[in-house]
Amino acid sequence: LVVWAPAKVNLYLELHGKRADGYHELTTLMVAVRLYDTLVMKESDGLRLSCSATELSSGPDNLVLRAARLLQKETGCERGAVIRLIKRIPLAAGLAGGSTDAAATLAGLNCLWRLGLDRSRLADLAAQLGSDVPFFLYGPAAWCTGRGERVEPLTLGGALHFVLVCPRTGLSTAAVYGAVGQDADPAKGPGAAAARQDWNPVPQETAIRAAVAAGRAEEIGRLLHNRLQPAGEKLCSAIARIHARLAELHPAGVLMSGSGSTVFALCRSRDEANSIAHELSHGKIEEDLRVYRVRSCS
Ligand code: C5P
């Protein structure tokens with residue numbers, strides 16, 4: 001069985017305070033994009049993982065093996081699998097590479113082992129593996145709340161075109177959340193976050209959801225927002241430089257994705273994305289960067 005696991009970008013991310021369990025209550029709009037890891041799975045005895053990226057552990061701490069074990073434990077299934085993970089999504093880049101692999105493992109093994117779990121049961125397991133994992137069972141666009149694990153799928157009114165720019169240095173999600181200043185944390189302090197479902201959306205949230213539903217890149221570009229970006233910039237100086245360089249090329253909008261370190265340009269068309277990617281690859285920026293031109297998943 002071959003499973004294609006897409007990356008994501010966050011078009012909007014707002015924090016609503018730190019919870020008693022240490023996580024931040026948030027609202028975020030995520031879109032899956034056509035940059036994929038591939039998982040090749042075959043039924044076998046035991047569980048074995050091999051990985052194309054030497055810098056990534058293929059041991060029991062890898063999210064793919066954690067997802068497979070969790071599925072075995074929850075269902076009592078005694079089948080096994082050999083899994084080959086081909087990594088293309090950069091690590092620690094705010095693109096949820098590990099989370100998408102975990103979701104692909106749950107969905108793939110559910111099929112390979114003929115477990116018959118429905119999407120909501122898989123989403124409960126996904127939430128135990130990481131805050132971003134459930135999103136990938138829904139996609140291609142969703143409004144996520146709680147610590148990110150409550151997913152409301154959104155319609156994407158049209159394809160969105162992006163240029164993703166990834167510095168060589170990645171960022172740890174926990175470190176970025178840890179560096180968020182109290183000034184950037186509206187509810188201030190542990191345990192201050194209320195249950196988000198009782199809150200009304202702020203006007204910018206309503207506006208970006210409507211713009212995504214209509215597929216209007218220009219409007220989405222003006223509404224892009226990521227509360228984690230100042231913390232990301234504190235920990236990785238390349239982020240601010242890349243942001244400034246992309247802004248000079250006048251796409252619809254520029255933003256850091258998730259907890260970084262990827263910065264993306266949202267473009268008005270495929271042609272604009274091509275020309276911005278070309279400018280960056282051949283232009284004056286001195287960083288050691290990886291540049292991807294991608295569109296949203298359908
Ligand atoms: O859920 P996940 O394992 O991806 O989270 C990694 C880390 O990011 C957490 O341990 C926490 O420090 C931080 N985090 C957070 N609030 C969230 C999501 C993640 O503080 N909503």
Side-chain angles (χ1 to χ4, degrees), residues 5-30 32 37 56-57 59-70 87 89-106 122-139 142-152 170-197 199 205 225-236 239 256-262:
K8 61 82 180 157
V9 293
N10 303 72
L11 303 183
Y12 181 90
L13 193 159
E14 183 57 290
L15 301 180
H16 307 286
K18 199 168 177 185
R19 313 191 315 193
D21 64 5
Y23 281 89
H24 289 75
E25 191 75 9
L26 57 77
T27 43
T28 187
L29 200 167
M30 299 207 262
D37 287 345
L56 187 64
S57 153
D61 54 324
N62 189 297
L63 271 168
V64 168
L65 285 182
R66 286 176 51 205
R69 269 214 200 82
L70 182 63
K87 277 308 287 181
I89 304 171
L91 309 182
L95 301 173
S99 299
T100 193
D101 296 342
T105 304
L106 292 176
L122 288 176
D124 287 343
L125 299 182
Q128 295 177 41
L129 295 164
S131 308
D132 286 347
V133 182
F135 163 73
F136 291 101
L137 299 168
Y138 296 90
W143 186 253
C144 303
T145 56
R147 60 184 167 88
E149 89 287 13
R150 286 208 303 265
V151 182
E152 176 199 343
L171 280 174
S172 133
T173 304
V176 174
Y177 276 98
V180 170
Q182 294 265 302
D183 53 330
D185 201 343
K188 295 205 171 73
R196 174 67 192 177
Q197 66 261 38
W199 301 8
E205 295 179 353
H225 166 74
N226 185 351
R227 183 64 71 186
L228 294 174
Q229 185 157 346
E233 289 179 2
K234 253 190 269 172
L235 298 175
C236 172
I239 291 171
M256 182 179 90
S257 180
S259 56
S261 55
T262 298

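Numbers for residues simply follow the sequence, beginning at 1. Whatever order the structure lists them in is the order used to number ligands and atoms, beginning at 1.
Distances below 4.0 Å separate heavy atoms of His24 from the following atoms of ligand 1: 15 (C), 16 (N), 17 (C), 20 (O), 21 (N). Which parts of ligand 1 touch Gly22 is read off a 4.0 Å heavy-atom cut-off, strictly below it: atoms 20 (O). In the vicinity of Tyr23, heavy-atom distances shorter than 4.0 Å reach the ligand 1 atoms 1 (O), 5 (O), 9 (C), 14 (N), 15 (C), 16 (N), 17 (C), 18 (C), 19 (C), 20 (O). Each of the following atoms of ligand 1 lies closer than 4.0 Å to a heavy atom of Arg147: 1 (O), 17 (C), 18 (C), 21 (N). Every atom of ligand 1 with a heavy atom of Gly130 under 4.0 Å away is listed here by number and element: 1 (O).
A distance-only check finds a donor-acceptor pair linking the side chain of Thr100 to the backbone of Pro6 [under 3.5 Å]. Judged by distance alone, with hydrogens and angles left aside, the side-chain atoms of Lys234 form a donor-acceptor pair with the main-chain N or O of Ala179 at under 3.5 Å. Of the possible polar contacts, none joining the Ser257 side chain to the Gly260 backbone as a donor-acceptor pair under 3.5 Å is found.
If you look at Tyr177 next to ligand 1, the close heavy atoms, those under 4.0 Å, all belong to the side chain.
Separating the CG atom in Leu171 from the OG atom in Ser261 is a distance of 5.0 Å, to the nearest 0.5 Å. Taking CZ of Arg147 as the start and OG1 of Thr28 as the end, the distance is 14.0 Å to the nearest 0.5 Å. Once rounded to the nearest 0.5 Å, the distance linking NZ of Lys8 with CZ of Phe135 reads 8.5 Å. Here CG of Leu106 is found 11.0 Å from CG of Asp101. Values are rounded to the nearest 0.5 Å.
Regarding atom 8 (O) of ligand 1, its nearest protein heavy-atom neighbour is Thr173 CG2, 3.3 Å. In this structure, atom 4 (O) of ligand 1 lies nearest to the protein heavy atom Ser131 N, 3.8 Å.
Between Gly98 and ligand 1 there is no heavy-atom distance shorter than 4.0 Å. Contact annotation: Asp132 has no heavy atom less than 4.0 Å from any atom of ligand 1.
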